[in-house]
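Note sheet for the following structure.
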Amino acid sequence: MKNLSFILIVFSILFVSASLGVDLNRENDEMEEIISINVQESVRKFFFSSHLPGFSTSFTQNGLNYFSSVGLNVLQKVIQSTTIPDSEGEVKSPVGKLKYWLSNAQLSGTQFNGASIKIVEGQGLLVTVTGFSTTCVTHWHYRRNAWPHISGTGTATVQVGGNIQMLVSLSANNEHLQSHVIRCDVSLYRFDIHVSGKGSKIYNFILKMAKKSVQNAVTNMLKGAISQNTENGLNKALANFLVLQKIKDDVVFDIGMVQNPQFGASKLTLFESGEAYRVNNQVECPQSVCPQRNLPTSTSNQMLEMFMSDFVTNSFSNVFYQEKMFQMRITPDEVPASSWVKLNTDFFQNTIPQLPQRFPHCDMTIVTYATQPPSSVFTPKGANINAIGDMEVWVNVNGTLKEAFVLTGNFAASGNATLSGHYLKPLVTYVKSAWTLKSSNIGNFPVSTLNFMFDFFGKSFVIPLVNQRIQNGIKLPSVKGINFVNPSLKFSDNILSISTDVNYTPQN
């Protein structure tokens with residue numbers, strides 16, 4: 001499953017970063033620790049077709065509030081990378097018009113009091129940074145164009161304090177999220193400049209006369225820098241974000257966006273594909289095998305809630321069937337010693353007399369496999385699974401396996417699941433089968449007596465064996481340092497829902 005996607009958890013931190021103009025294009029170990037799960041091309045990029053989302057992930061305002069505050073710890077380590085472009089302009093002074101240049105600006109001592117992310121219904125995310133302060137050291141130069149050509153050069157120290165507010169929208173583009181800065185407002189409540197170097201006394205005098213115009217120019221410069229850094233940096237990070245989860249060497253799980261995000265009154269919802277693919281056979285699951293479902297609307301007050309339809313499990317079933325993973329081989333040594341059912345021909349003396357007559361005192365091997373993709377349906381009690389397949393019964397005659405007979409039938413199972421850390425752990429609780437004789441090398445015989453035996457065998461052996469094989473569960477996608485807090489899992493008609501709070505611990 002992809003899952004709980006936690007994509008927006010990372011984005012929440014990135015939004016605050018970008019709102020302060022952090023250059024997300026640069027290499028940074030701390031940021032890479034959070035956002036890079038490496039990049040893979042989505043197979044659906046090449047043959048994208050619209051379908052209902054297999055799952056959705058909703059983030060409440062409480063969740064965004066938590067991650068905007070957690071993001072401060074990360075931001076204070078990377079904020080010094082803010083890029084301020086060189087600038088130039090003209091100001092009026094008592095000695096006439098002066099041309100000035102500012103270049104090679106470097107930040108230090110950057111701090112801020114707080115940051116918040118608020119959902120704006122129908123629009124996007126409103127990112128607010130309050131109490132932003134920094135010291136900028138830059139090279140300066142001025143020159144009077146008219147005669148006399150007075151000029152000066154040196155170093156300028158600029159101390160800035162202010163607030164930043166930015167409205168960012170999100171859309172789906174080629175399965176990735178894409179950001180767009182709708183508006184950016186910068187208000188400075190502190191703006192002090194002191195220069196040193198040749199002609200600095202004149203320049204300080206001129207700056208006092210032209211402080212307001214220079215402050216307005218710097219404010220506009222910051223607006224442009226912040227908007228550009230946010231949009232370019234975020235979109236690069238979003239475009240490189242993993243949309244495929246590798247399940248095994250030739251099977252991937254697509255969590256790409258199939259619809260634009262929805263900005264509700266108090267929730268942000270992402271709509272993800274939720275379809276599994278074979279890497280070398282990029283074919284979407286047919287509607288007859290993977291019926292699509294409409295997902296409900298989030299109602300939880302926890303930080304995060306995900307709805308997953310049984311479209312996702314049927315998609316996996318379709319791919320696993322193609323990969324021949326629905327096969328089971330049972331040998332005598334795998335049958336528990338305590339089981340009254342034994343895999344040898346003597347055990348079937350009363351139910352299939354001709355079997356031990358034809359092959360006396362021989363061990364048996366059973367091979368079962370699905371002949372079409374098993375189907376699953378979510379119900380309020382859990383998941384129901386139905387499969388159609390064959391059962392081959394082989395006899396070991398002096399080290400050579402010989403086919404005795406083949407049964408064909410229906411197989412039904414049900415179960416539920418629990419959450420353990422970042423793993424969804426299925427548990428099979430019920431198995432029942434009904435078989436008929438498909439072919440036989442020992443003649444015809446009634447199968448009805450075997451069905452009871454197989455049901456008992458399924459309960460005492462197959463269920464424990466299957467549960468043992470799936471006990472590790474399915475790893476949900478996650479970001480390092482993020483843990484579930486008070487998670488809950490609920491089944492309903494065609495839908496599995498997971499709601500949880502989260503806790504984030506920055507990684508070293």
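Note: L125 CG to K118 NZ = 12.0 Å, rounded to the nearest 0.5 Å. S56 OG to K267 NZ: the interatomic distance, rounded to the nearest 0.5 Å, is 11.5 Å. Atoms CG and OG, on N163 and S133 in that order, are 10.5 Å from each other to the nearest 0.5 Å. The structure places OG of S300 at 9.5 Å from CG of N62, a figure rounded to the nearest 0.5 Å. For the atom pair CG (L427) and CG (N467), the distance works out to 4.5 Å, reported to the nearest 0.5 Å.
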**OP:** Tell me, with the steps shown, if F491 and F378 meet ring-ring contact (aromatic ring centres under 6.0 Å, His included).
**Re:** CA-CA 7 Å; F491 283 95; F378 293 157; 5.5 Å; yes
**OP:** Go through the steps for N65 and M303 under the test side chain to side chain contact (heavy atoms under 4.5 Å, CB included), then give the verdict.
**Re:** CA-CA 9 Å; N65 290 344; M303 294 181 183; over 6 Å; no
Subject >> Residues E175, D254; criterion side chain to side chain contact (heavy atoms under 4.5 Å, CB included); working and verdict >> reply: CA-CA 9 Å; E175 292 208 271; D254 186 0; 2.9 Å; yes
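Counting only distance, with no hydrogens or angles, the side chain of S315 and the backbone of A276 share a donor-acceptor pair below 3.5 Å. Side-chain atoms of S171 do not come within 3.5 Å of backbone N or O of N260 as any donor-acceptor pair. Remark: side-chain polar atoms of E231 are paired, donor with acceptor, to backbone N or O of V181 under 3.5 angstrom. Of the possible donor and acceptor atoms, none in the side chain of S317 sits under 3.5 Å from a partner among the backbone N and O of T313. Counting only distance, with no hydrogens or angles, the side chain of E305 and the backbone of S298 share no donor-acceptor pair below 3.5 Å. Under a 3.5 Å cut-off, the side chain of Q61 and the backbone N or O of I119 do form a donor-acceptor pair. Judged by distance alone, with hydrogens and angles left aside, the side-chain atoms of Q259 form no donor-acceptor pair with the main-chain N or O of F271 at under 3.5 Å. Formation of a donor-acceptor pair under 3.5 Å by the N314 side chain with backbone atoms of S375 is not found in this model.
A donor and an acceptor atom, one from each side chain of S179 and N235, are located under 3.5 Å apart. E272 and T57 share a donor-acceptor pair across their side chains, judged by distance under 3.5 Å alone. Side-chain polar atoms of Q165 and T128 form a donor-acceptor pair below 3.5 angstrom.
Side-chain contact between F132 and V186: absent, with no pair of heavy atoms (C-beta onward) separated by less than 4.5 Å. Taking the side chain as every heavy atom from C-beta outward, Q302 and I498 never approach each other to under 4.5 Å. The side-chain heavy atoms of V502 and F484, taken from C-beta on, include a pair separated by under 4.5 Å. Residues N494 and F311 form no side-chain contact, since every pair of their non-hydrogen atoms from C-beta on lies 4.5 Å or further apart. Counting heavy atoms from C-beta on, the side chains of V279 and V252 come closer than 4.5 Å. Residues F320 and P374 fail the side-chain proximity criterion, which asks for heavy atoms closer than 4.5 Å. Annotation: side chain of E275 is not in contact with side chain of C290 (no heavy-atom distance under 4.5 Å).
Electrostatic pairing of K248 and E323 counts as a salt bridge here, judged by a charged N lying under 4.0 Å from a carboxylate O.
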